[in-house]
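All ligand and atom numbering here is 1-based and tracks the order in the structure. In what follows, every heavy atom counts, from backbone to side chain, and hydrogens, waters and symmetry copies are set aside. Index from 1, following the sequence.
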Amino acid sequence: MFILFIKSMQFNFDNSYLSLPTELYSDTKPVPVKKPQLVAFNKELAIELGIDTYYVQPEELAELFVGNKLPEGSANIAQAYSGHQFGHFARLGDGRAVILGEQITPLGVRFDLQFKGSGVTPYSRRGDGRATLSAMLREYIISEVMHELGIPTSRSLAVVATGETVYREQVQMGAVLTRVAASHVRVGTFEHVARFCSPTTLHTFTNYVINRHYPELFETENPALSFLKKVMEKQIDLIVHWMRVGFIHGVMNTDNMTISGETIDYGPCAFMNAYRPETVFSSIDMDGRYAFGNQPQMAFWNLNRLAESLVPLIDTDTNIAVEKVEGVLNTFQPTFEQKYFDMLGCKIGIYKPETNDKLLINNLLNWMYLNNADFTNTFVRLMYPELILDKLYTQDLFVDWEQDWKYRLNEISQTKPSHLELMQQTNPVYIPRNHLVEQVLSDVTKTGQLKSFKTLIHQLSTPYSTSDFDINWMQPPVQTDEQVYKTYCGT
Ligand code: AMP
Ligand code: MG
């Protein structure tokens with residue numbers, strides 16, 4: 001089958017990655033599919049990107065966003081990268097993804113548009129290059145909710161069913177997701193370049209990435225060192241956000257950690273119900289390496305891999321370079337702790353918590369842990385006591401804690417935002433709980449109906465809603481099998 005170029009829809013591509021040495025990517029076209037069908041399309045995002053789809057029929061969108069017809073100006077590449085997966089180094093690359101192009105929005109911002117599940121590439125190894133409809137819809141839902149939660153993330157523009165089957169644990173429907181990200185440069189891309197390319201390529205690539213994401217760093221004395229610091233700060237902010245809403249990424253391998261600080265590569269991820277730092281959702285994470293509470297340490301581990309890759313650029317004398325790198329990495333722990341603590345303060349309505357407030361916060365977390373209290377709903381209960389009527393919250397220990405907390409709030413003269421406003425901005429009321437998401441995915445794949453998918457997207461589009469609450473969307477799972485549900489990696 002050959003690929004047609006269409007002119008009807010205007011994109012504004014500028015494919016800067018092609019200026020890099022060719023060992024960093026492979027020219028690769030999406031593999032055409034038999035019967036594409038548009039399942040989800042994010043009109044608001046298309047408008048933000050400056051892609052006018054107003055007069056375009058769903059059939060045409062399907063042909064385009066499955067990769068059968070490529071728009072003018074697109075330049076398809078699969079990117080080369082490596083990564084540490086569960087601690088072990090591997091040569092990877094886009095095995096089932098190709099970039100459609102770098103779209104420049106009307107506001108002048110650059111985004112990669114990438115097809116995920118678009119067929120084999122030179123990096124596919126033994127994989128089929130494909131993705132399941134269920135997994136791509138899951139990524140669509142979770143990434144869009146993450147965006148609504150105010151958390152940096154790749155976004156989802158479209159899901160197109162391929163009309164072809166994909167074999168995982170069983171036969172499933174295939175689909176292609178169009179994902180949008182500031183870039184797809186990962187910690188693993190740096191590991192790849194540092195290990196397999198020349199020092200000149202490492203230098204060229206690092207300059208490219210700094211120029212693309214943090215051009216202001218060229219003004220600093222040591223741009224490579226400042227870059228490490230910047231990526232560290234971005235990652236700290238990201239993990240604090242994740243911990244704020246109970247998000248567990250599930251596979252924080254270095255190839256899944258971006259330089260831009262966006263959440264990317266949604267696989268076996270989930271939102272925690274009961275507060276338990278050891279919570280793991282991925283069935284392949286046997287040792288709990290990427291458990292909820294381990295995420296800061298794992299981000300730090302990944303940043304160490306980035307730092308190692310940058311050493312030759314930081315100083316010609318390796319000992320001096322290592323010393324400088326350590327100077328940056330040593331600030332991870334105190335910076336994270338401060339930001340994490342401030343975030344928890346906001347969750348209980350205290351804008352700049354003081355050292356004494358740490359005890360108050362820890363007492364609440366301990367109580368939640370010992371009583372299997374729902375993470376999200378405990379904070380909802382503090383904001384709207386009449387809404388969460390679980391008898392757990394009548395326990396003496398909780399009532400005593402609440403009294404201490406109210407006493408403390410009275411002590412602090414906090415005006416704008418008020419305690420409640422601050423909590424409303426920090427604590428979501430709705431999160432995409434796994435049992436809800438799985439129910440929707442099962443509805444779509446079994447019946448072909450999109451009604452429940454659309455309802456879920458609509459309901460979760462206002463996670464910080466402050467009125468008209470629908471308790472049905474707030475309940476944690478009741479049955480044990482839902483509670484122990486694990487998200488499998490057969491994506
Ligand atoms: P992930 O677990 O999605 O981060 O992927 C890890 C690596 O495996 C990346 O290099 C992917 O491109 C590759 N990969 C995952 N699934 C497939 C597949 N179905 N076919 C080919 N490569 C894949
Ligand atoms: Mg990945």
So does Glu48 have more than 12 non-hydrogen atoms from other groups sitting under 6.0 Å from CD?
yes

Arg168 heavy atoms within 4.0 Å reach ligand 1 at atoms 19 (N)

Are side-chain N/O atoms of Arg138 and Asn434 paired as donor and acceptor at under 3.5 Å?
yes

Is the charged tip of Arg91 near the ring of Phe196: under 6.0 Å from the six-membered ring centre and within 45° of its axis?
yes

Can you see whether Thr153 engages Thr263 through a side-chain donor-acceptor pair at a distance of less than 3.5 angstrom?
no

Below a 4.0 angstrom heavy-atom separation, can you tell me which part of Tyr123, side chain or backbone, both or neither, approaches ligand 1?
neither

For the residue pair Tyr275 and Tyr369, categorise the inter-ring angle as parallel (less than 30°), tilted (30 to 60°) or perpendicular (more than 60°).
perpendicular

Counting heavy atoms only, which part of Asn253 comes closer than 4.0 Å to ligand 1: side chain, backbone, both or neither?
neither

Examine the side chains of Tyr208 and Ser19 and answer whether a donor and an acceptor come within less than 3.5 Å of each other.
no

With atom 20 (N) of ligand 1 as the reference point, say which of Pro268, Gly83, Gly129 has the nearest heavy atom.
Gly129

Any idea which atoms of ligand 1 are less than 4.0 Å away from a heavy-atom of Gly127?
20 (N), 21 (C)

On the six-membered ring of Trp242, is Arg244 placed so that its NZ or CZ lies under 6.0 angstrom from the centre and within 45° of the ring axis?
no

Cut-off 3.5 Å, side chains only: do Ser198 and Thr201 have a donor facing an acceptor?
yes

Near the Mg ion (ligand 2), meaning under 2.8 Å, the protein N/O/S atoms are Asn256 OD1, Asp265 OD2

For Arg179 and His184, test the side chains for any donor-to-acceptor distance below 3.5 angstrom and give the result as yes or no.
yes

Can you find an N/O atom of Arg130 closer than 3.5 Å to an N/O atom of ligand 1?
yes

Can you list the ligand 1 atoms lying under 4.0 Å from a non-hydrogen atom of Arg125?
7 (C), 8 (O), 10 (O), 13 (C)

Is it true that the NZ or CZ of Arg289 lies under 6.0 Å from the centre of Trp301's six-membered ring and within 45 degrees of the ring axis?
yes

So if I count the atoms of ligand 1 from 1 in the order they appear, which ones are less than 4.0 Å from some heavy atom of Asn256?
4 (O)

The atoms of ligand 1 lying under 4.0 Å from a heavy atom of Gly93, numbered in the order shown, are 9 (C), 10 (O), 11 (C), 12 (O)

Would you please indicate yes or no on a ring centroid separation below 6.0 angstrom for Phe190 and Tyr81?
no

Show me which atoms of ligand 1 lie under 4.0 Å from any heavy atom of Asp265.
4 (O)

Any nitrogen or oxygen of Arg96 lying under 3.5 Å from a nitrogen or oxygen in ligand 1? Just yes or no.
yes

For Val251, is the nearest heavy atom under 4.0 Å from an atom of ligand 1?
no

Which label fits Tyr290 and Phe86: parallel for a plane angle under 30°, tilted from 30 to 60°, or perpendicular past 60°?
tilted

For Gln85, the ligand 1 atoms with a heavy-atom partner under 4.0 Å come out as 6 (C)

